[in-house]
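Just so you know, ligand 1 is whichever comes first in the structure, and atom 1 is the first atom listed for that ligand. Throughout, numbering of the chain's residues begins at 1 and tracks the sequence.
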Amino acid sequence: MEMVFRWFGSGNDAVQLDQIKQIPGVEGIVWALHDIPVGDEWPINRIAEVKQQADEHGFHIDVVESVNIHEDIKLGLPTRDKYIANYKATIKNLASVGVKVICYNFMPVFDWTRTELYKKLDDGSTAMFYEKAKVENMDPMELVDEISNNPDFTIPGWEPERLKSLANLFGAYQKVSEEDLWNNLKYFLEEIIPVAEANGIKMAIHPDDPPWKIFGLPRIITSQPNIRRFLQLVDSPSNGITLCSGSLGTDPNNDIPDMVHEFIDRIPFAHIRNLKRYDNGDFIETSHRTKDGSVDIYEILKAYYDNGFTGYVRPDHGRHLWNEKCRPGYGLYDRAMGIMYLWGIWDSLERSVNEKELAVLDKKLDY
Ligand SMILES: O=C(O)C(=O)C[C@H](O)[C@H](O)CO
Ligand SMILES: [Fe+2]
């Protein structure tokens with residue numbers, strides 16, 4: 001596995017590149033041009049700027065997260081074609097500086113959803129929390145006010161400008177069923193996957209977070225059968241997934257190690273994080289350690305290891321520790337510790353396999 005770390009860009013992240021440099025085994029940054037309006041083409045000079053910043057620190061920029069999808073594409077409106085044309089141009093621009101993987105999602109209106117960004121845990125740290133009943137009984141506008149008015153940073157997917165037109169968007173989605181969303185996704189993929197193939201890029205859809213319907217909006221990238229269906233929409237190595245253990249792990253029916261085994265050839269990028277599920281459907285993000293949450297991080301890594309996984313991995317969200325001021329979920333310390341936990345498992349898997357092989361060889365030599 002190749003370790004990468006998400007960085008929101010100069011002046012847009014509390015974490016600096018020279019700090020990331022000190023985390024063992026990180027080879028690249030996962031980045032995006034967060035200020036470019038959704039649907040516009042990413043300019044080549046801005047892309048080159050990030051490449052240069054990464055180069056100066058010896059990082060690669062192989063993975064981009066996210067090139068977001070304009071709502072007109074998800075809604076299947078006639079105007080989608082112009083945004084798809086821009087998307088294709090962005091794919092080509094990114095390929096021209098060596099980008100290999102583009103992570104994106106196809107969730108209507110909202111990106112990931114939580115009800116509290118800084119919920120206090122027993123140990124005094126804070127983490128992102130989802131209260132199911134609250135979402136079920138809440139006016140989405142209230143949530144938007146809470147999340148988008150974060151004083152320190154604009155949160156991707158929750159940009160205040162975009163959410164201003166929320167009422168109209170909700171109205172537009174009333175006519176869009178899950179099957180319509182599948183069709184709109186297929187239309188998009190049939191357009192862009194050939195461009196990705198021609199430019200050596202793997203597209204990697206991120207699962208819906210959480211993987212169920214919220215506020216009556218359709219959601220489809222939620223489960224193993226649905227991911228199977230997604231991969232068949234366009235059956236190409238360039239049409240892949242970002243397998244996110246945290247998003248899928250909020251639903252106890254999702255067997256993530258089994259998904260790793262089934263989809264391994266179509267996983268260019270893995271998000272690995274843990275969370276604790278409660279019986280009432282609430283969940284809170286935890287440290288990466290298997291014992292601290294409900295997701296078996298060891299089994300997931302073992303599944304990757306057993307399948308000879310060589311793709312990109314990043315620790316996903318973490319808790320906020322030691323009073324750090326950071327983007328929700330994206331502090332330095334817990335993600336750095338998460339990486340060391342992942343390496344600890346990975347290195348010992350590697351060592352134990354090598355030792356087993358050596359023992360077999362020794363036995364053969366004895367004869
Ligand atoms: O919710 C998560 O687990 C994420 O990693 C969010 C992703 O960055 C986003 O949905 C990608 O487009
Ligand atoms: Fe994720």
Closer than 4.0 Å to some heavy atom of [X] - which atoms of ligand 1 meet that?
X: D209; answer: 1 (O), 2 (C), 3 (O)
X: H271; answer: 5 (O)
X: R6; answer: 8 (O)
X: C244; answer: 3 (O)
X: Y104; answer: 12 (O)
X: R314; answer: 5 (O)

Please report the closest heavy-atom contact between L231 and G240, naming both atoms and the distance. CD2-CA, 4.2 Å

Please state whether the separation between the Fe ion (ligand 2) and some N/O/S atom of C244 is under 2.8 Å?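 Under 2.8 Å: C244 contacts the Fe ion (ligand 2) through an N, O or S atom.
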
Taking both backbone and side chain into account, is any N, O or S atom of D316 nearer than 2.8 Å to the Fe ion (ligand 2)? yes

When you measure from the centre of the six-membered ring of [Y], is the NZ or CZ of [X] under 6.0 Å away and within 45° of the axis?
X: R229; Y: W182; answer: yes
X: R80; Y: Y187; answer: yes
X: K175; Y: Y173; answer: no
X: K21; Y: F59; answer: yes

[atom] [closest protein heavy-atom partner, distance rounded to 0.1 Å]:
atom: atom 4 (C) of ligand 1; answer: H206 NE2, 3.2 Å
atom: atom 10 (O) of ligand 1; answer: D111 OD1, 2.8 Å
atom: atom 3 (O) of ligand 1; answer: R273 NH2, 2.7 Å

Between the side chains of E65 and H206, is a donor N or O closer than 3.5 angstrom to an acceptor N or O? no

Return yes if a side-chain donor-acceptor contact under 3.5 Å exists between D258 and Q224, otherwise no. yes

Between SG on residue C244 and CD1 on residue I256, distance to nearest 0.5 Å: 8.0 Å

If we only consider heavy atoms of S247, is any one of them less than 4.0 Å away from an atom in ligand 1? yes

Vertex the Fe ion (ligand 2), rays to ND1 in H271 and NE2 in H206 - rounded to 10°: 90°

May I ask you to check if ligand 1 and [X] share an N or O to N or O distance below 3.5 Å?
X: W112; value: no
X: E65; value: yes
X: S66; value: yes

For W31 and W42, take the angle between the two ring planes, folded into 0 to 90°, and tell me which bin it lands in: parallel under 30, tilted 30 to 60, perpendicular over 60. tilted

Using the six-membered ring wherever Trp is involved, compare the ring planes of F8 and Y330 and label them parallel, tilted or perpendicular (cut-offs 30° and 60°).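 Taking Y330 first and then F8, their aromatic rings stand perpendicular (interplane angle over 60°).
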
D316 and ligand 1 - part of the residue with a heavy-atom distance under 4.0 Å: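 Under 4.0 Å from ligand 1, D316 contributes side-chain atoms alone.
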
Quick check on the 6.0 Å ring-centre criterion: do F110 and F215 meet it? yes

